[in-house]
Amino acid sequence: MSVTHRLTAPAPGWTAATDVVVVGSGVAGLTVALNVRKAGLRAMVVTKAVLDEGSTRWAQGGIAAALGEGDTPEQHLDDTLVAGAGLCDEEAVRTLVTEGPDAVRRLIATGALFDRGEDGEILLTREGGHHRRRIAHAGGDATGAEISRALVAAVRTDPGIELIEHALVLDLLTDTEGHAAGLTLHVMGEGQRDGVGAVRARAVVLATGGMGQVFSATTNPAVSTGDGVALALRAGAAVTDLEFVQFHPTPLWVGPDAEGQLPLISEAVRGEGAHLVDADGVRFMVGQHELAELAPRDIVAKAITRRMQEQGADHMFLDGRHFGAEMWEHRFPTILATCRAHGIDPVTAPIPIAPAAHYASGGVRTDPRGRTSVPGLYACGEVACTGVHGANRLASNSLLEGLVFAERIAADLAGRHAAGELPERTVDVAAARAARPVPLPPSEARADIQRLMSRGAGVLRSATSMADAAAGLALIAEQAHSHVAEEKPADPRVETWEAANLLLVATALVAAAAQREETRGCHWREDFPERDDAHWRRHLITTLAASGDPVSTPEEQ
Ligand SMILES: Cc1cc2nc3c(=O)[nH]c(=O)nc-3n(C[C@H](O)[C@H](O)[C@H](O)COP(=O)(O)OP(=O)(O)OC[C@H]3O[C@@H](n4cnc5c(N)ncnc54)[C@H](O)[C@@H]3O)c2cc1C
């Protein structure tokens with residue numbers, strides 16, 4: 001197998017080499033880099049902006065693991081399977097929950113400081129879908145920032161890890177056997193490594209995070225443009241479960257025309273007892289689910305959206321006034337400061353909230369060792385679909401998944417290296433040149449794609465809404481092709497490469513979501529409101545056709 005399509009870009013003007021090139025510097029990427037070093041392999045971490053720019057540093061609530069007294073991996077497994085609505089890979093979940101507690105302890109040994117009680121024990125909170133207190137947190141509500149700080153500090157002190165910031169990875173390079181042999185990238189740098197270049201490596205690890213920027217309203221940072229999924233598709237890899245986008249129920253509502261990254265009011269606020277209420281102060285989750293406000297996220301997001309529809313409102317409220325000022329200041333200092341910066345004081349007023357795109361449960365399909373369907377190409381963290389989340393991610397399982405499966409990739413690479421199965425690779429330059437260049441949409445297409453997706457493939461979906469989105473996306477693609485034919489192509493640069501990635505990922509997502517004619521997990525079809533296990537208890541696998549269009553095929557049952 002070789003790369004069939006590539007982003008339109010100038011030929012590489014410089015080259016570099018390493019053993020393992022890791023794309024992305026969140027919890028997943030940095031954990032891979034630190035762990036492959038233990039096997040004596042050199043690592044290069046390539047990242048789009050600065051090291052801590054991904055979703056990891058925004059994570060608030062914490063990291064889930066069976067660390068508390070009376071809790072067990074088996075109970076964590078049960079809660080994860082329930083949230084995943086029949087589509088989790090049970091073995092992958094078992095791996096997550098059994099290896100998770102020690103992975104968290106190793107993270108602590110790396111330097112991450114978790115909140116502890118007076119007895120020195122790690123404090124654990126609850127979040128939606130968890131029947132136990134099992135969420136470890138740091139800095140109150142700044143867990144991701146602390147994890148990121150600790151991992152960044154660790155990679156910076158390791159001379160065997162080369163860090164390249166402000167570097168947008170474009171496409172995979174392979175050798176004549178179709179094994180990953182490196183990648184092309186664009187560096188906004190100075191001197192030797194400036195502009196488009198190529199990195200040669202024995203293996204490539206994608207840890208590019210999520211794709212929230214496909215939608216107008218999201219909790220994800222600007223770098224979360226689905227680049228890893230788009231790259232994997234162009235490289236011939238299989239991706240899966242793209243239709244399962246989790247919409248967080250309680251991002252801060254900042255106005256009717258809000259776009260881009262929205263501040264998040266963590267689920268932990270509900271975990272500590274805040275109530276969801278409508279404009280009349282009615283707690284509408286009570287009686288809808290045994291866990292009320294702590295029901296799994298899809299149930300809460302749907303209930304909020306339904307209530308908004310019924311009342312013609314564009315937001316609901318989260319009421320935590322009963323916490324009092326002291327608890328807000330100590331337990332949720334970041335959220336308190338963010339709300340106050342937006343003119344809302346949660347101590348005295350309920351917080352306006354509305355659902356927004358939050359987490360991609362699907363992604364590049366991997367096996368339990370993190371291997372994708374392209375030899376030598378690995379994926380972990382939010383870009384990957386390990387099978388852990390099924391149709392909906394359980395809260396705070398994603399940082400844990402990033403840790404556990406990053407460690408497994410490093411172990412696989414170490415094993416292959418020790419067995420002499422990880423030789424240096426020679427890039428098949430002819431194959432790279434033969435890959436078809438994808439026309440680039442103009443940078444303004446980003447906002448158009450986001451609007452189409454939020455309107456057509458957001459919390460509420462139907463055949464009609466998704467046909468509209470698909471038609472709009474097809475038009476953007478056609479225009480990009482016409483501009484090339486008219487010799488007026490968009491300039492290859494970060495904004496247009498990201499727009500091309502967003503377009504491909506959005507098109508693939510809509511195709512899968514339109515095909516799945518049922519409601520399951522975080523995929524909610526207004527025209528097919530029931531879960532349909534007879535037809536749909538299976539995954540949709542998406543690959544790129546020769547035409548460059550994504551095609552989704554249901555997996556055999
Ligand atoms: C607001 C918010 C709160 C959250 N709270 C929690 C929580 O409490 N608990 C929990 O478990 N999960 C939480 N999540 C989810 C969790 O933070 C993410 O799923 C997880 O951090 C993803 O880690 P990652 O390493 O896969 O990706 P990220 O941390 O997103 O890192 C991706 C990296 O890839 C880089 N990158 C992307 N594309 C390219 C490219 N083309 N070239 C080079 N580099 C590239 C980015 O710059 C970035 O460095 C939250 C997410 C958000 C947004």
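Only a predicted model underlies this, so the values are computations on that prediction, with no experimental measurement involved. Positions are given from 1, in the same order as the sequence printed here. Whatever order the structure lists ligands and atoms in, that order sets their numbers, starting from 1. Heavy-atom basis, side chains included; hydrogens, waters and symmetry copies ignored.
- The shortest separation from a heavy atom of Gln60 to ligand 1 is under 4.0 Å, placing the residue in contact.
- Nearest to atom 31 (O) of ligand 1 by heavy-atom distance, out of Ala49, Gly26, Ala59, is Gly26.
- For ligand 1, the atoms lying closer than 4.0 Å to a non-hydrogen atom of Gly381 are 26 (O).
- Residue contacts with ligand 1: Leu399 is placed with a nitrogen or oxygen under 3.5 Å of a nitrogen or oxygen of the ligand (distance criterion only).
- Any N or O atom pair closer than 3.5 Å counts here, and Gly61 shares at least one such pair with ligand 1.
- In this structure, Arg371 forms no cation-pi arrangement with Tyr378, as its terminal cationic atom is not both closer than 6.0 Å to the ring centre and no more than 45° off the ring axis.
- At least one heavy atom of Ser25 sits less than 4.0 Å from an atom of ligand 1.
- Between His358 and ligand 1, no pair of N/O atoms sits closer than 3.5 Å.
- If you look at Glu382 next to ligand 1, the close heavy atoms, those under 4.0 Å, come from the backbone and the side chain alike.
- Ring-centre distance between Phe215 and Phe247: below the 6.0 Å cut-off.
- For Trp58, no nitrogen or oxygen atom sits less than 3.5 Å from a nitrogen or oxygen atom of ligand 1, counting backbone and side chain alike.
- Contacts between Ala207 and ligand 1, counted as non-hydrogen atom pairs separated by less than 4.0 Å, involve the backbone only.
- Residue Arg393 places a heavy atom under 4.0 Å from ligand 1.
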